[in-house]
Peer 1: 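Got a structure for you, written out below as structure tokens; questions coming shortly.
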2 protein chains.
Amino acid sequence: MLYAGFMSTAPPPLPRPEDAVGQSELELLQLDTGPVVDEPCLRADAARNRARLLEAAERLVAEHGAAGVTMEAVAAAACVGKGTVFRRFGDRTGLLAALLDHSERKFQAALLSGPPPLGPGAPPVERLRAFGCAMLRRSIDELDLQLAAEPSADRRHTFAPRRFLRGHLALLLRQAVPEGDSELLSHTLMAYLDVALLHHLTEQCGMPAERLREGWLDLVARVTRTEPPAA
Amino acid sequence: MLYAGFMSTAPPPLPRPEDAVGQSELELLQLDTGPVVDEPCLRADAARNRARLLEAAERLVAEHGAAGVTMEAVAAAACVGKGTVFRRFGDRTGLLAALLDHSERKFQAALLSGPPPLGPGAPPVERLRAFGCAMLRRSIDELDLQLAAEPSADRRHTFAPRRFLRGHLALLLRQAVPEGDSELLSHTLMAYLDVALLHHLTEQCGMPAERLREGWLDLVARVTRTEPPAA
DNA sequence: AAGAAAACTGGACCGCGGTCCGTTTGGGAT
DNA sequence: ATCCCAAACGGACCGCGGTCCAGTTTTCTT
């Protein structure tokens with residue numbers, strides 16, 4: 001089984017929404033190549049409708065914000081039946097995730113094969129620092145969409161992109177903190193970068209991004225028991 | 001204004017759901033006395049209905065789990081109109097929170113005036129350790145209810161009980177880590193105790209509670225830059 | 001005791017996420 | 001060109017959370 005499914009029940013004739021930004025199970029090996037690559041020959045009409053839907057969704061986001069993206073509205077705007085939207089994207093968060101797919105893919109690529117310190121080549125602690133700063137930047141950029149794309153509480157942690165990022169953190173932590181429980185620590189670090197938390201701190205508390213950045217560097221220093229970089 | 005409201009719009013004649021497990025704004029001063037104390041004279045029929053509703057909800061939880069607690073079902077089981085449920089509890093999470101209110105209140109009392117190390121009297125680092133262990137125990141006990149009672153992503157961090165607990169952590173951290181950003185660090189520590197995360201780790205990953213406990217002790221040690229207690 | 005204001009009630013109503021299933025269509029096989 | 005069926009379609013349908021408001025009940029005032 002190549003994909004981790006997003007849906008609770010996946011009846012055979014519904015092979016699974018292809019575009020649910022699935023990740024290969026290889027993600028833990030850092031060989032994840034992303035979802036679309038293996039999207040195996042979508043039927044012509046299906047591909048057409050998929051494009052229509054994404055375009056319509058994008059327009060709706062631009063016009064009414066992420067909250068305005070109702071499944072019905074997207075379907076109507078794309079001149080497509082509601083069932084089609086669900087068949088293609090599984091559920092609302094799947095659709096939103098597909099909208100964020102491009103950015104996600106770029107980010108993953110930067111981690112796996114981009115220039116250091118984000119990509120390989122730099123010492124792990126430095127990569128940890130860079131990771132957080134990049135995540136902060138990206139999340140704050142796309143706050144509303146990211147927030148709306150957050151899956152329900154019980155699926156949040158099995159959500160493929162998140163699993164990938166957390167796995168990456170765990171990898172770096174294994175190198176930087178060999179004596180620690182890198183699984184648990186990776187969850188802790190991920191939580192600092194949680195979209196809902198960022199939203200709360202920036203929008204509701206008015207906290208400046210710079211403070212969040214410093215907080216991250218400090219947290220990494222404490223967790224790895226190193227000294228923070230010179231300010 | 002004594003209470004932090006839970007609802008987006010609170011028309012004057014709807015004074016606000018009293019039982020939304022509201023917390024006084026004094027919470028940051030550690031003087032929070034909880035919601036029911038000041039519940040100012042509920043009308044006789046309203047009190048009767050409130051009791052009926054809570055009892056019905058409790059029964060439904062016992063019978064069908066937290067997922068079975070639909071607002072309509074509770075209303076029907078209590079022989080009460082749907083509108084009444086919403087007037088009283090604001091929304092679904094308000095109702096669930098009311099169910100957890102007793103436990104919550106007990107926990108807060110233990111923090112404010114219970115015996116050390118959970119209550120005052122022990123050194124801050126020890127209190128931090130005890131706090132996490134107690135939270136872990138409680139959250140794992142009531143996992144399904146706590147999970148269902150989790151508010152939507154954009155309200156999670158303004159949710160009163162959580163604010164109180166986080167404030168408490170921040171207080172301890174200010175003492176234990178005077179040079180750090182105790183606000184941000186408190187968010188980090190709270191995140192480790194997040195119900196959804198705990199659910200994922202215990203139920204979905206099968207992680208034993210003991211490991212979570214050790215993870216907490218280790219995290220506290222790193223964050224406070226102290227040595228973990230002897231195992 | 002009576003009347004008026006305030007608080008409460010309940011169920012009709014709405015919108016949205018998600019499912020179902022009868023119908024249509026694309027595209028490989030013959 | 002024809003046939004065939006898996007794949008895709010689409011919209012009726014469902015359940016639930018949440019709102020609204022006309023009508024009822026309680027409590028306060030005099």
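Throughout, a chain's letter reflects where its sequence line sits, starting with A, and its residues are numbered from 1.
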Peer 1: For the pair made of CG in B:Leu53 and C1' in C:dT9, what is the distance, rounded to whole Å?
Peer 2: 12 Å

Peer 1: Distance check needed: D:dA8 C1' versus A:Phe86 CZ, whole Å only.
Peer 2: 16 Å

Peer 1: Nearest whole angstrom, please: distance from the C1' of D:dA7 to the CZ of A:Arg87.
Peer 2: 7 Å

Peer 1: Quick one: sort the B:His157 and A:His200 rings into parallel, tilted or perpendicular, breaks at 30° and 60°.
Peer 2: parallel

Peer 1: Given D:dA8, is OP1 or OP2 found less than 4.0 Å from the side-chain N or O atoms of A:Thr84?
Peer 2: no

Peer 1: Whole angstrom is fine here: how far is it from CZ in B:Phe89 over to P in D:dT19?
Peer 2: 16 Å

Peer 1: Compare the minimum distances between each of C:dT9, C:dT19, D:dG10 and the side chain of B:Arg88, then state the nucleotide with the smallest one.
Peer 2: C:dT9

Peer 1: For A:Thr70 and for A:Gly83, find the nucleotide of DNA chain C with the closest heavy atom, then tell me which residue's nucleotide is more 5'.
Peer 2: A:Thr70

Peer 1: Nearest 0.5 angstrom please: A:Thr188 OG1 to B:Asp194 CG, how far?
Peer 2: 11.0 Å

Peer 1: Does B:Leu212 offer a backbone N or O that forms a donor-acceptor pair with the side chain of B:Tyr192 under 3.5 Å?
Peer 2: yes

Peer 1: Tell me: CZ of B:Arg92 to P of D:dG17, nearest whole Å?
Peer 2: 6 Å

Peer 1: So, does B:Glu203 use its side chain to make a donor-acceptor pair with the main chain of B:Leu143 at under 3.5 Å?
Peer 2: no

Peer 1: Got A:Glu104 and A:Leu165 here, is their nearest side-chain heavy-atom distance under 4.5 Å?
Peer 2: yes

Peer 1: Using five base pairs at each end to define the local axes, how bent is the helix from C:dA1-D:dT30 to C:dT30-D:dA1, to the nearest 10°?
Peer 2: 10°

Peer 1: Using atom types as modelled and distance alone, determine if a side-chain donor or acceptor of B:Arg166 lies under 3.5 Å from a backbone N or O of B:Leu189.
Peer 2: no

Peer 1: NZ of B:Lys82 versus P of D:dC20: gap in Å, rounded?
Peer 2: 14 Å

Peer 1: Report yes if a side-chain nitrogen or oxygen of B:Asn49 is closer than 4.0 Å to either non-bridging phosphate oxygen (OP1 or OP2) of C:dT9; otherwise report no.
Peer 2: yes

Peer 1: Is any NZ, NE, NH1 or NH2 atom of the basic residue among A:Glu142 and A:Arg137 found under 4.0 Å from an Asp or Glu carboxylate oxygen of the other?
Peer 2: no

Peer 1: In whole Å, I'd like the distance from the CD atom of B:Glu72 to the C1' atom of C:dC14.
Peer 2: 13 Å

Peer 1: Does B:Arg155 use its side chain to pair, donor to acceptor, with the backbone of B:Glu150 at less than 3.5 Å?
Peer 2: no

Peer 1: Are any side-chain N or O atoms of A:Trp216 and backbone N or O atoms of A:Leu128, one a donor and one an acceptor, separated by less than 3.5 Å?
Peer 2: yes

Peer 1: Sugar-phosphate atoms are those with a prime plus P, OP1 and OP2; base atoms are the rest. Using that split, label each nucleotide of nucleotides 23-29 of chain D B, S or - for protein heavy atoms under 4.0 Å, 5' to 3'.
Peer 2: --BSS--

Peer 1: Measure the distance from CG on B:Asp91 to P on D:dG18 and round it to the nearest whole Å.
Peer 2: 5 Å

